[in-house]
Colleague: 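Structure in structure tokens, see below.
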Amino acid sequence: MKKNYLLTPGPTPLPPEVCEALSRPIIHHRTPQFQAVLKEVSESLKDMFQTKNDVFILTASGTGAMEAAVVNLLSWGDKALVIEGGKFGERWTELCEAYGIKPIVIKVEWGKDLDPDMLKQYLEKESAIKAVFATLCETSTGVTFDIRKIAEIVKETPAVLAIDAISGLGAIDLKMDEWGVDVVVSGSQKGFMLPPGLGFISVSKKAWKLVEESQCPKYYFDLKEAKKALDKTDTPFTPAIGLVIALDTALKMMHGEGIENIFKRHRKLAEATRAAMVALGLELFAPDAASDAVTAVKVPRGVDGEKLVKVMRDDYGVTIAGGQSEMKGKIFRIAHMGYIGEFDIILGISCLEKVLKKLGYNFELGAGVKAAQETLLK
Ligand SMILES: *Cc1c(COP(=O)(O)O)cnc(C)c1O
């Protein structure tokens, strides 16, 4: 027998309550029953986004919400600044290019946070920047960017700040209104404990002015249509009815735990995971800006990184993630976001230890689990 455990930075495991909600018979969306759910989740999402602005629910994976941000804010020929420190930062650049928007890229070394002075310099040097795109949790490197600091700088300029919080929201603090973030996008399959299929986007008043001027071609992701519909507690197209109903369940669970407790839990799991890796003699990939949602670890010399991930998954049913793009085979990533508790992490670490031993890496068996337990006992 092999039991399966998911410790990947999306999709993340589903709580039984969410599975139950997903298994219910479908209802029609133009009904008072569905409208009641839509109304409830639209309000409840605002708490998770820490905003009073509308949060639109799109039927798409998270990238759809990123695309919605680009096509609704900007027009052909506009200039945008992209803070790019990993694969998902690159996605902002690629989206801009796809729509004829000129991305000016601030390259941040993978595994590092942004030097705020660099952002200041770019904003002073380049005129007519309409939007700054950045990432809360750069899932490919396990870095959390200091969005509060970035927002402080962008707030002083005419540009709007749009944040990819797809893997960050519901795991790491992002105070949209308080910090002055203009656009936040997220998705269902990371912190929100749902299957993939929903994208979320919230837009500030400052950014909505750009939405009204934007000339980018768009149809499915037209937020003006989404707003017209939401004002009537409706959606422009058939929503992913089942996922929206399951979202209601997930949000109730999140509210029950409390947003501050959710952040605390993620922080604790991250600290335990990092302590375990260090105790195993492994090197963290982003020690100075480590994310509370996912931990990236360098594959030790002499170990085949791709094989490590494959053996854990295929022989023991524990799925973690390898590295993406240029980090393929060089790092592995253990997620601790969403429906993850202390003993999921302990289990993941113990499996990692077993497979590292089998692959010939030298360390004291149990050292990682011990360090994690000690951290969790604090
Ligand atoms: C997962 C992820 C995405 C991509 O989302 P999809 O749902 O796969 O489209 C984008 N950005 C970040 C930071 C992510 O973690």
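Atoms within each ligand, like the ligands themselves, are counted from 1 in listed order.
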Colleague: Hey, are S44 and H255 close enough side-chain-wise for a donor-acceptor pair under 3.5 Å?
Modeller: yes

Colleague: Need the list: ligand 1 N/O atoms against protein N/O atoms, distance under 3.5 Å, rounded to one decimal.
Modeller:
unit_1: ligand 1; atom_1: 7 (O); unit_2: S61; atom_2: OG; d: 3.4
unit_1: ligand 1; atom_1: 7 (O); unit_2: G62; atom_2: N; d: 2.8
unit_1: ligand 1; atom_1: 7 (O); unit_2: Q189; atom_2: NE2; d: 2.7
unit_1: ligand 1; atom_1: 9 (O); unit_2: S61; atom_2: OG; d: 2.5
unit_1: ligand 1; atom_1: 9 (O); unit_2: G62; atom_2: N; d: 3.3
unit_1: ligand 1; atom_1: 9 (O); unit_2: T63; atom_2: N; d: 2.8
unit_1: ligand 1; atom_1: 9 (O); unit_2: T63; atom_2: OG1; d: 2.5
unit_1: ligand 1; atom_1: 11 (N); unit_2: D164; atom_2: OD1; d: 3.4
unit_1: ligand 1; atom_1: 11 (N); unit_2: D164; atom_2: OD2; d: 2.6
unit_1: ligand 1; atom_1: 15 (O); unit_2: T139; atom_2: OG1; d: 2.4
unit_1: ligand 1; atom_1: 15 (O); unit_2: K190; atom_2: NZ; d: 2.7

Colleague: Which donor-acceptor pairs under 3.5 Å do the side chains of residues 342-351 make with protein atoms, sequence neighbours left out?
Modeller:
unit_1: D344; atom_1: OD2; unit_2: G341; atom_2: N; d: 2.7
unit_1: S350; atom_1: OG; unit_2: I346; atom_2: O; d: 3.3
unit_1: S350; atom_1: OG; unit_2: L347; atom_2: O; d: 2.8

Colleague: Between F49 and K46, is there a cation-pi geometry (under 6.0 Å to ring centre, at most 45° from the normal)?
Modeller: no

Colleague: Show the atom names and distances, to 0.1 Å, of all donor-acceptor pairs under 3.5 Å that link a side chain in residues 93-104 to residues at least two apart or in another chain.
Modeller:
unit_1: T93; atom_1: OG1; unit_2: E84; atom_2: OE1; d: 2.7
unit_1: Y99; atom_1: OH; unit_2: E67; atom_2: OE2; d: 2.2

Colleague: Can you tell me if K2 has over 12 outside heavy atoms packed within less than 6.0 Å of its NZ?
Modeller: yes

Colleague: Let me have the donor-acceptor pairs involving side chains of residues 134-141, under 3.5 Å, with sequence neighbours excluded, atom names and distances please.
Modeller:
unit_1: E138; atom_1: OE1; unit_2: F88; atom_2: N; d: 3.3
unit_1: E138; atom_1: OE1; unit_2: G89; atom_2: N; d: 2.9
unit_1: E138; atom_1: OE2; unit_2: F88; atom_2: N; d: 3.2
unit_1: E138; atom_1: OE2; unit_2: S140; atom_2: N; d: 3.3
unit_1: E138; atom_1: OE2; unit_2: S140; atom_2: OG; d: 2.6
unit_1: T139; atom_1: OG1; unit_2: C137; atom_2: O; d: 3.4
unit_1: T139; atom_1: OG1; unit_2: S167; atom_2: OG; d: 2.7
unit_1: S140; atom_1: OG; unit_2: K87; atom_2: N; d: 3.0
unit_1: T141; atom_1: OG1; unit_2: E138; atom_2: O; d: 3.4

